[in-house]
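In what follows, every chain begins at residue 1, and chains take the letters A, B, ... in the order their sequences are listed. Given the structure is predicted, the values throughout are model-derived calculations rather than measurements.
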Amino acid sequence: MGGGIDPVTLAIVNNAFVNICREMGITMMRTAFSPIFNEGLDFSCVLFDRHGNMIGQAEFCPAQIAASLFIVRWTVEELGVDSFEEGDVVLHNDPYRGGAHIPEHSVIRPVFFDGELFGFVANVGHLAEIGGKAVGSFAADATEVFQEGLRIPPVKIVSRDRPNMDLWRLIMANHRTPRNTWGDLNAQIGSLRVAERSVQLLLERYGRDLVEEAAEELMDYSERWMRTEIRAIPDGRYAFTARMEDDGVVERPVTFHVEVTVDGDRLIVDWTGTDPQVRGPINATYGVTAGATYNAIFHLTDQSIPKNSGVYRPISIIAPPGSAVNVVYPGPSVGGNTETHPKLADMVIAALAQALPGRVAAAEGGTACNFLFGGFHPRTGDYYANYHLEGGGWGAKDYDDGNDAIIVKNGNCRNTPVEIFETRYPLRTIEYSLIPDSGGPGRMRGGLGTRRILRVEPSTEVTVNALFDRTKPGFGAWGLAGGGTGGRAAIMVRRKGDAEFRTFSEAFGTVSPSKFTNILLEEGDEVLIDSPGGGGYGDPRARDRERVARDVYEGFVSPERARDLYGWECP
Amino acid sequence: MSGRWLPITTQVWETAVTPCDCCGQVVPKRLWVAEVEGEEHRFCSPACVELYRDYVLPKLKGEPRT
């Protein structure tokens with residue numbers, strides 16, 4: 001690895017940094033109240049030095065890669081490093097200050113050792129309900145940030161280990177499920193104390209000088225490694241353009257454009273040419289666009305590179321302010337993190353497909369199928385709210401099929417089990433299955449999407465919101481190298497007594513069939529959620545015959561599609 | 001690298017943030033103000049001036065890049 005510290009010690013310190021972050025995450029998972037924390041694992045954990053460099057990160061939610069990178073640095077710069085005292089915790093969820101979207105709350109705690117500041121421990125977590133115009137705080141038709149929930153700039157929620165109860169009361173009064181907020185935020189804050197103690201133990205064991213020197217060397221090592229990876233990509237400019245079907249407010253596609261320049265050992269990823277900021281909430285924050293860019297590059301480079309500030313140094317990102325890839329105040333952005341991030345990441349991957357054909361994958365489903373609902377629970381009388389994500393198909397690679405039913409690549413979250421769903425919420429699962437023929441055809445097939453049908457239980461009213469994409473023809477997950485497009489997503493409703501499912505636009509007159517807010521469903525109504533399939537890779541007629549036969553046998557591909565697209569006849 | 005640091009001072013009612021003229025990222029506390037080809041720009045850091053000169057300007061002018 002070079003430098004003055006032996007490689008074994010460096011590896012031990014690096015593993016300690018990562019494990020401190022993992023321990024922080026596991027603490028949150030075990031102590032938080034909401035399924036999005038303890039089942040979905042929608043959080044990230046990081047460790048920083050006192051100069052604002054990230055020195056450790058655990059592999060939780062990639063959506064927050066850049067958010068966690070920038071939030072701590074910018075918050076410390078904005079407040080001033082001297083403003084932090086031992087036992088403080090700063091809270092913020094401002095999407096314009098590095099955040100990915102407003103439901104994600106960051107907490108930052110300084111770590112002191114022998115009375116001197118060493119660095120910061122921090123995590124970012126998605127709170128399931130933070131107020132605003134829609135239950136679940138995912139207003140798919142929001143036109144301003146104020147409709148998306150309570151926005152909190154960097155403020156001390158804990159001062160010298162004493163909670164700021166005035167601030168707590170203000171937050172509690174603006175969230176629909178304050179008890180969950182109390183539990184989840186305290187899980188975040190509590191996990192910081194666990195991490196702080198572990199950092200101090202590390203410093204006691206190895207000494208501050210060695211740990212700080214190791215952190216510096218590890219960042220330089222990661223930078224060198226990333227530069228080596230970039231140098232292996234042929235120099236050139238690689239571009240890709242993609243569209244999203246609408247922004248939830250205006251019924252018009254939104255165009256995104258990226259140009260990736262490989263110049264020796266550095267990368268410039270330029271999003272100039274993307275449409276101006278849109279009225280609806282699919283705008284990406286700078287944190288989302290940077291996170292998607294890094295996410296894509298990590299998919300294409302050696303996954304063993306230690307993830308610290310050094311790994312980001314060779315990558316420059318240009319995201320024009322006021323565009324759909326860098327929303328400015330007071331534009332809405334709640335869907336940018338879930339809907340736009342996966343497309344942006346897949347665009348960078350697709351742009352580099354010409355240079356790295358063996359490493360890339362076709363596009364994934366690319367929508368988190370955000371389905372949010374809430375109301376008064378018929379058994380408890382308490383108000384509940386839940387944020388549900390649905391896994392879709394991933395893109396095929398040169399060497400394998402895409403995975404089935406996986407949450408978007410910015411999520412790394414888990415599918416919530418049916419049992420958890422039904423135990424906590426008054427919605428019965430009628431069907432949960434893989435969708436045949438939803439994987440894009442190819443020599444390697446795209447992963448399959450899923451179908452879930454939920455029925456509202458007796459004596460219940462449920463208010464629902466959705467923020468999907470890829471429901472319209474022409475917007476499916478793209479294939480590569482001759483592979484076909486993945487199946488589309490759908491969010492539909494069958495009112496009690498109806499024979500057929502209809503779109504929410506047909507049933508309720510929503511502007512967008514895939515993005516809507518505050519629709520009231522009643523006993524016996526059913527919601528159908530189809531997640532999209534992934535794109536295929538290569539010519540489907542070149543697919544191994546045994547693979548096609550197995551797909552038909554398993555029910556993943558219909559005999560008709562096997563015949564028409566793969567040229568395979570059922571014996 | 002010629003230029004100067006310009007502190008960002010905001011009133012409590014000013015809740016928007018300032019982006020870099022080149023890369024678009026947030027500038028939390030102070031801007032690096034530099035003149036490029038006779039025009040003053042506000043950057044997040046001196047390094048971004050180089051990116052602006054080497055990459056953005058040639059692109060704006062439509063110059064071929066190597």
Novice: Could you grab the distance from atom CD of B:Gln25 to atom CZ of A:Arg73, nearest 0.5 Å is fine?
Specialist: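 B:Gln25 atom CD to A:Arg73 atom CZ measures 5.5 Å (nearest 0.5 Å).
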
Novice: Is it the side chain or the backbone of B:Val27 that comes within 4.5 Å of chain A heavy atoms, both, or neither?
Specialist: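 Contact with chain A is absent: no heavy atom of B:Val27 under 4.5 Å.
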
Novice: A:Trp74 vs B:Val17, test: side-chain contact (heavy atoms from CB on, under 4.5 Å). Steps then yes/no.
Specialist: CA-CA 11 Å; A:Trp74 292 344; B:Val17 293; over 6 Å; no

Novice: Tell me, side chain or backbone of B:Cys48 under 4.5 Å from chain A's heavy atoms, or both, or neither?
Specialist: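 Looking at B:Cys48, nothing touches chain A.
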
Novice: For A:Arg279, does the CZ atom sit with more than 12 other heavy atoms under 6.0 Å from it, leaving out its own atoms?
Specialist: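 Open.
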
Novice: Where does A:Ile317 contact chain B at under 4.5 Å (heavy atoms): side chain, backbone, both or neither?
Specialist: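 The backbone, not the side chain.
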
Novice: Considering non-hydrogen atoms only, spot the tightest contact between A:Arg97 and B:Thr15 and give its length.
Specialist: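 Closest approach of A:Arg97 to B:Thr15, heavy atoms only: NH1-O, 3.7 Å.
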
Novice: Rounded at 0.5 Å granularity, tell me how far CD in A:Glu78 sits from OG1 in B:Thr10.
Specialist: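 Going from CD on A:Glu78 over to OG1 on B:Thr10, the span is 7.0 Å.
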
Novice: At their closest point, which heavy atom of B:Pro19 faces which heavy atom of A:Pro321, and how far apart are they?
Specialist: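 Between these two residues, the closest heavy atoms are CB-CG, 3.6 Å.
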
Novice: A:Leu79, A:Val325, A:Thr285, A:Ile268: which one forms the most heavy-atom pairs within less than 4.5 Å of chain B?
Specialist: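 Answer, by heavy-atom pair count under 4.5 Å with chain B: A:Ile268.
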
Novice: First locate atom CD1 of A:Ile318, then atom SG of B:Cys22, and finally report the distance between them rounded to the nearest 0.5 Å.
Specialist: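 Separation between the atoms: 5.0 Å.
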
Novice: Mind checking the CG-OG1 spacing from B:Asp54 to A:Thr261? Nearest 0.5 Å is all I need.
Specialist: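 Here the rounded value is 12.0 Å.
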
Novice: Do you see a donor-acceptor pair shorter than 3.5 Å between the side chains of A:Asp270 and B:Tyr55?
Specialist: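 Yes, a side-chain donor-acceptor pair sits under 3.5 Å.
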
Novice: Go through A:Tyr286 and B:Val26 one step at a time and tell me if the side-chain contact (heavy atoms from CB on, under 4.5 Å) criterion holds.
Specialist: CA-CA 8 Å; A:Tyr286 181 86; B:Val26 173; 5.5 Å; no

